[in-house]
Colleague: 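The structure that follows is given in the form of structure tokens.
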2 protein chains.
Amino acid sequence: MLENIRIVMVNTSHPGNIGAAARAMKNMSLQQLYLVDPLEFPSAEAASRATHAVDIINNAVVCPSLSSAIADCSLVIGTSARERNLNWVIEKPHQMALTALAQCQAVDAPVAIVFGRERTGLTNQELALCHRLVHIPTNPDCSSLNVAAAVQVIAYELFNTVQEYQTESFSTKPDGDDQAALAGQIQTLHQHLQQVMSEVEFFGSNNPENVMRRLQIFLNRAQPSRRELNILHGILTAMQRKL
Amino acid sequence: MLENIRIVMVNTSHPGNIGAAARAMKNMSLQQLYLVDPLEFPSAEAASRATHAVDIINNAVVCPSLSSAIADCSLVIGTSARERNLNWVIEKPHQMALTALAQCQAVDAPVAIVFGRERTGLTNQELALCHRLVHIPTNPDCSSLNVAAAVQVIAYELFNTVQEYQTESFSTKPDGDDQAALAGQIQTLHQHLQQVMSEVEFFGSNNPENVMRRLQIFLNRAQPSRRELNILHGILTAMQRKL
């Protein structure tokens with residue numbers, strides 16, 4: 001199951017952290033590393049910190065944006081050091097691991113776990129692309145983990161949980177259009193919705209950004225199936241036809 | 001309870017690992033760092049990698065031998081990457097955390113967790129000073145964790161387990177309109193949606209029942225907040241006005 005887990009590091013500043021993350025991944029049997037706009041990569045320091053995990057560094061996929069790094073994923077989990085006041089599902093690492101592995105069994109597509117910048121984490125726009133969040137509990141007076149250390153904790157929980165998991169029996173496996181939609185398909189629906197909202201003059205003089213981010217979070221939380229997305233597209237198209 | 005946990009690093013070669021371990025400790029509310037014969041300490045690199053945890057670096061106690069570092073401890077747990085053929089009690093990290101915390105509650109003396117050299121771990125003589133061992137499960141093809149990453153995993157398990165002791169549930173508690181909507185409020189939205197779908201002739205000659213049930217399941221799964229329901233009602237009303 002772990003081969004479908006994808007670690008996504010966004011805009012990492014220090015190549016040493018990329019190398020240390022790759023090593024942590026390999027120790028825990030993870031393989032897929034995606035790097036969104038890294039500051040310095042390829043890098044000798046990344047390769048040296050990776051030690052036995054140079055293969056992960058050599059196979060790392062560099063992407064220009066988070067949305068391109070997750071478009072083919074069936075579930076996107078963001079890491080967050082802060083508590084968020086929007087209506088997120090926030091899990092602790094062990095619960096997150098159960099969720100991610102269940103998804104890997106149910107849908108044959110990658111599950112992404114997204115790690116933000118060293119100092120500032122993920123932006124609100126990037127968080128809105130995530131379907132749920134994971135928060136590593138920390139000392140409230142010193143809550144900022146090194147990013148490679150955070151990858152280590154998450155990778156450890158996944159590896160550990162897979163071992164628990166393989167011994168237990170399994171839930172129903174939806175197929176065809178009842179499978180979870182991919183992240184890119186949810187984005188397409190979100191764009192269709194925004195288009196119809198414009199056509200019916202929902203926004204007036206207001207900035208659409210805030211409301212659209214809320215709707216994005218809502219859609220991602222719902223984890224719609226492909227069939228459900230088709231129905232929603234159908235409703236929007238029926239509205240457009242009627243106008 | 002965590003104030004009585006002591007992290008002991010034996011003969012560490014790279015001062016960066018001491019710094020990274022200190023940071024991992026502070027993030028997880030550990031304070032006591034003992035260094036047995038470190039190769040290079042004090043060190044600017046250790047302080048820099050420690051970031052906000054310089055206090056732990058400054059208060060670190062340097063000892064000439066492992067036995068002097070653990071003399072006042074009530075329990076000594078060694079970390080081991082290999083399985084040992086002697087008759088050790090070897091625990092996984094979560095079980096180790098339960099053991100260590102139970103000991104901290106029972107005896108007012110430190111509990112030491114001992115980490116070996118980067119390349120070679122602990123010697124047999126050093127292991128013989130330990131009361132039991134902890135083994136972090138890893139990929140058998142690549143089992144050697146970075147020593148600071150190992151400190152991170154162990155510190156995380158200790159911090160996490162203390163919280164289990166102290167509190168059960170963990171969730172952000174939204175208030176006002178960010179609270180989860182009531183079932184009846186979701187039903188009202190569902191009815192509003194059906195009405196608009198009728199008005200735009202979505203159903204044609206088909207029975208709406210099947211599609212409406214799917215939408216109901218989708219909405220319920222999403223667990224919308226009151227604010228999100230208000231937005232969705234707003235979109236539907238804007239559409240009706242436009243028609």
Colleague: Which atoms of Glu157(A) are under 4.5 Å from chain B, going by heavy atoms: the side chain, the backbone, both sets, or neither?
Modeller: side chain

Colleague: Do you know which of Val153(A), Leu232(A), Ile136(A) has the most heavy-atom pairs with chain B at a distance under 4.5 angstrom?
Modeller: Val153(A)

Colleague: Between His52(A) and Cys142(B), which heavy-atom pair has the shortest distance, and what is it?
Modeller: CB-SG, 4.1 Å

Colleague: In terms of side-chain geometry, is the basic nitrogen of Glu201(A) or Lys242(B) positioned less than 4.0 Å from the acidic oxygen of its partner?
Modeller: yes

Colleague: Can you give me the closest heavy-atom contact between Phe218(A) and Pro224(B), atom names plus distance?
Modeller: CE1-CB, 3.7 Å

Colleague: Tell me, side chain or backbone of Ala149(A) under 4.5 Å from chain B's heavy atoms, or both, or neither?
Modeller: both

Colleague: Between Arg241(A) and Val200(B), does a side chain to side chain contact (heavy atoms under 4.5 Å, CB included) hold up when you go through it step by step?
Modeller: CA-CA 8 Å; Arg241(A) 235 188 349 249; Val200(B) 301; over 6 Å; no

Colleague: Among Gln240(A), His94(A), Arg49(A), Gln95(A), single out the residue with the greatest number of heavy-atom pairs under 4.5 Å to chain B.
Modeller: Arg49(A)

Colleague: Would you mind checking which part of Met197(B) comes under 4.5 Å of any heavy atom in chain A, side chain (CB onward), backbone (N, CA, C, O), both or neither?
Modeller: side chain

Colleague: Is Phe202(B) close to chain A through its backbone or its side chain, or both, or neither, when contacts mean heavy atoms under 4.5 Å?
Modeller: both

Colleague: Sort Leu219(B) into side chain, backbone, both or neither according to what part of it lies under 4.5 angstrom from a heavy atom of chain A.
Modeller: side chain

Colleague: Please state whether the side chain, the backbone, both or neither of Val196(A) comes within less than 4.5 Å of a heavy atom of chain B.
Modeller: side chain

Colleague: Minimum heavy-atom separation for Ile235(A) and Leu193(B), please, with both atom names.
Modeller: CD1-CD1, 4.5 Å

Colleague: Within the 4.5 Å heavy-atom criterion, are Asn146(B) and Gln152(A) side-chain neighbours or not?
Modeller: no

Colleague: Does any heavy atom of chain A fall under 4.5 Å from the side chain of Ser144(B), the backbone, both, or neither of them?
Modeller: both

Colleague: Measure from the side-chain N and O atoms of Asn139(A) to the backbone N and O of Lys26(B), and report whether any donor-acceptor pair falls under 3.5 Å.
Modeller: yes

Colleague: By a 4.5 Å heavy-atom criterion (distance strictly below it), what part of Leu236(A) contacts chain B: side chain, backbone, both, or neither?
Modeller: side chain

Colleague: Taking the side chain as every heavy atom from C-beta outward, state whether Gln163(B) and Lys92(A) have any pair of such atoms under 4.5 Å apart.
Modeller: yes

Colleague: Would you compute the distance between atom CG of Asn27(A) and atom CG of Leu145(B) and round it to the nearest 0.5 angstrom?
Modeller: 4.5 Å

Colleague: Check each atom of Ser29(A) against the heavy atoms of chain B and say whether the ones under 4.5 Å are side chain, backbone, both or neither.
Modeller: both

Colleague: Which heavy-atom pair separates Pro137(B) from Asn160(A) by the least distance, and what is that distance?
Modeller: CG-OD1, 3.6 Å

Colleague: Between Gln223(A), Arg227(A), Met28(A), which residue shows the highest count of heavy-atom pairs closer than 4.5 Å to chain B?
Modeller: Arg227(A)

Colleague: Between Leu243(B) and Leu243(A), what is the shortest heavy-atom contact and its length?
Modeller: CD2-CD2, 4.0 Å

Colleague: Measuring only between side-chain heavy atoms, which start at C-beta, is Asp178(A) closer than 4.5 Å to Arg214(B)?
Modeller: yes

Colleague: What part of Leu215(B) is in contact with chain A, defined as an atom under 4.5 angstrom from a non-hydrogen atom: side chain, backbone, both or neither?
Modeller: side chain

